[in-house]
K.L.:
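Handing you a structure now.
Note: hydrogens, waters and symmetry copies are ignored here, and every other heavy atom, side chains too, is used.
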Amino acid sequence: QIRLVESGGGSVAAGGSLTLSCRGYQFDFRTYCMGWFRQAPGKEREGVAAILGSGDHAATSYADFAKGRFTISKDDAKTTINLQMKNSQPAEGRMYYCGTNQPRDCLGTVRGGKHSAMHYWGEGTRVPVSS
């Protein structure tokens, strides 16, 4: 059974940095697309960043708001992806989720800020940003 477990959430001050991690279980980590998403209360889940492939050949995509401030990476040996967040803003304090699925235009979907390409989800990790 595919399972995703997020970690690294917690309070961060405005302008600060935080790194989230997500470990995947029971799927081919090298071929599945994986990504980070976020959701505010009462709002639709939105794409942040996605990554597909292995090692130096991994391709990434970012939603417009994430470009230049967020970095997604993966460690195939540890079946883990990370999201480094810099210059966090109070309005970005919300739940962050890790998602995965077989690659079906996942990079393009996340680039558009959507979450529809993903089918499997972790339980999420909360990231409050204090002003």
Side-chain angles (χ1 to χ4, degrees):
Q1 181 176 349
I2 291 176
R3 189 162 66 100
L4 301 171
V5 180
E6 300 99 338
S7 61
S11 296
V12 59
S17 299
L18 189 70
T19 298
L20 306 179
S21 296
C22 171
R23 185 166 186 179
Y25 299 87
Q26 300 299 322
F27 62 95
D28 190 343
F29 193 78
R30 297 166 300 170
T31 62
Y32 270 52
C33 185
M34 295 190 71
W36 283 99
F37 303 79
R38 65 186 193 179
Q39 188 170 19
K43 301 292 185 180
E44 185 175 357
R45 191 168 298 184
E46 63 177 350
V48 177
I51 188 165
L52 173 64
S54 298
D56 294 339
H57 302 290
T60 59
S61 68
Y62 296 89
D64 285 343
F65 67 82
K67 293 176 182 177
R69 292 194 300 124
F70 292 42
T71 302
I72 189 169
S73 61
K74 66 184 309 196
D75 184 332
D76 292 331
K78 296 180 180 179
T79 64
T80 296
I81 64 168
N82 300 304
L83 181 71
Q84 184 181 40
M85 307 162 53
K86 295 182 179 179
N87 193 20
S88 299
Q89 302 302 308
E92 296 180 313
R94 58 194 70 181
M95 290 292 291
Y96 282 74
Y97 297 90
C98 176
T100 191
N101 200 10
Q102 295 178 348
R104 294 170 183 167
D105 192 30
C106 71
L107 297 179
T109 301
V110 171
R111 188 178 298 116
K114 303 299 183 181
H115 71 281
S116 56
M118 298 303 177
H119 182 68
Y120 303 94
W121 298 97
E123 294 185 352
T125 185
R126 187 174 303 277
V127 180
V129 181
S130 59
S131 57

K.L.:
Any side-chain to backbone donor/acceptor pair from Arg69 onto Lys86? Under 3.5 Å, distance only.
P.N.:
yes
K.L.:
Say whether, by atom type as modelled, one donor and one acceptor occur between the side chain of Glu6 and the main chain of Gly124 under 3.5 angstrom.
P.N.:
yes
K.L.:
How far does CG of Asn82 sit from CD1 of Ile72, to the nearest 0.5 angstrom?
P.N.:
9.0 Å
K.L.:
To the closest 0.5 Å, what do you measure between CG (Asp28) and OG (Ser54)?
P.N.:
8.0 Å
K.L.:
With a 4.5 Å cut-off on side-chain heavy-atom distances among I, L, V, M, F, W and Y, is there a chain of contacts connecting Val110 to Trp36?
P.N.:
no
K.L.:
Using modelled atom types only, decide if a donor and an acceptor are shared between the side chain of Thr79 and the backbone of Gly24 within a distance under 3.5 Å.
P.N.:
yes
K.L.:
Treat each ILVMFWY residue as a node, draw an edge where side-chain heavy atoms are under 4.5 Å apart, and state whether Ile51 and Phe27 are in one component.
P.N.:
yes
K.L.:
What pair of heavy atoms forms the shortest contact from Ser131 to Pro90, and how long is it?
P.N.:
CB-CG, 3.9 Å
K.L.:
Taking all atoms of both residues into account, what is the closest heavy-atom pair of Ala63 and Gly47, and its distance?
P.N.:
CB-O, 3.4 Å
K.L.:
Do Tyr62 and Ile81 belong together in a cluster built from hydrophobic side chains that touch within less than 4.5 Å?
P.N.:
yes
K.L.:
Donor-acceptor pair, distance only, cut-off 3.5 Å: does the side chain of Ser61 make one with the backbone of Gly108?
P.N.:
no
K.L.:
Please report the closest heavy-atom contact between Leu20 and Met85, naming both atoms and the distance.
P.N.:
CD1-SD, 4.0 Å
K.L.:
For Gly9 and Val127, work out which heavy atoms get closest and say how close.
P.N.:
CA-CG2, 4.2 Å
K.L.:
When hydrophobic residues are tied together by side-chain contacts of less than 4.5 Å, even through go-betweens, does Phe70 share a cluster with Tyr97?
P.N.:
no
K.L.:
Identify the residue among His119, Met118, Glu123 that makes a side-chain contact (heavy atoms from CB on, under 4.5 Å) with Trp121.
P.N.:
Met118
K.L.:
Report the distance from atom CD of Gln102 to atom OG1 of Thr31, rounding to the nearest 0.5 Å.
P.N.:
7.5 Å
K.L.:
Got a second to check how far Ile2's CD1 is from Asn101's CG, nearest 0.5 Å?
P.N.:
7.5 Å
K.L.:
Please identify which of these residues, Arg111, Arg38, Lys114, meets the salt bridge (Lys or Arg N to Asp or Glu O under 4.0 Å) condition with Glu46.
P.N.:
Arg38
K.L.:
If you look at every heavy atom in Asn87 and Gln89, which pair is closest and at what distance?
P.N.:
O-NE2, 2.9 Å
K.L.:
Would the distance check show the side chain of Asp75 and the main-chain N or O of Thr80 forming a donor-acceptor pair, the cut-off being under 3.5 Å?
P.N.:
no
K.L.:
Counting only N and O atoms by type, is there a donor-acceptor contact under 3.5 Å from the side chain of Lys74 to the main-chain atoms of Gly53?
P.N.:
yes
K.L.:
When you group the ILVMFWY residues by side-chain heavy-atom contacts below 4.5 Å and let the links chain together, are Tyr120 and Met34 in the same group?
P.N.:
yes
K.L.:
Gln39 and Arg94: which non-hydrogen atoms are nearest, and at how many Å?
P.N.:
O-CB, 3.3 Å
K.L.:
Thr60 side chain to Ala50 main-chain N or O, any donor-acceptor pair under 3.5 Å?
P.N.:
no
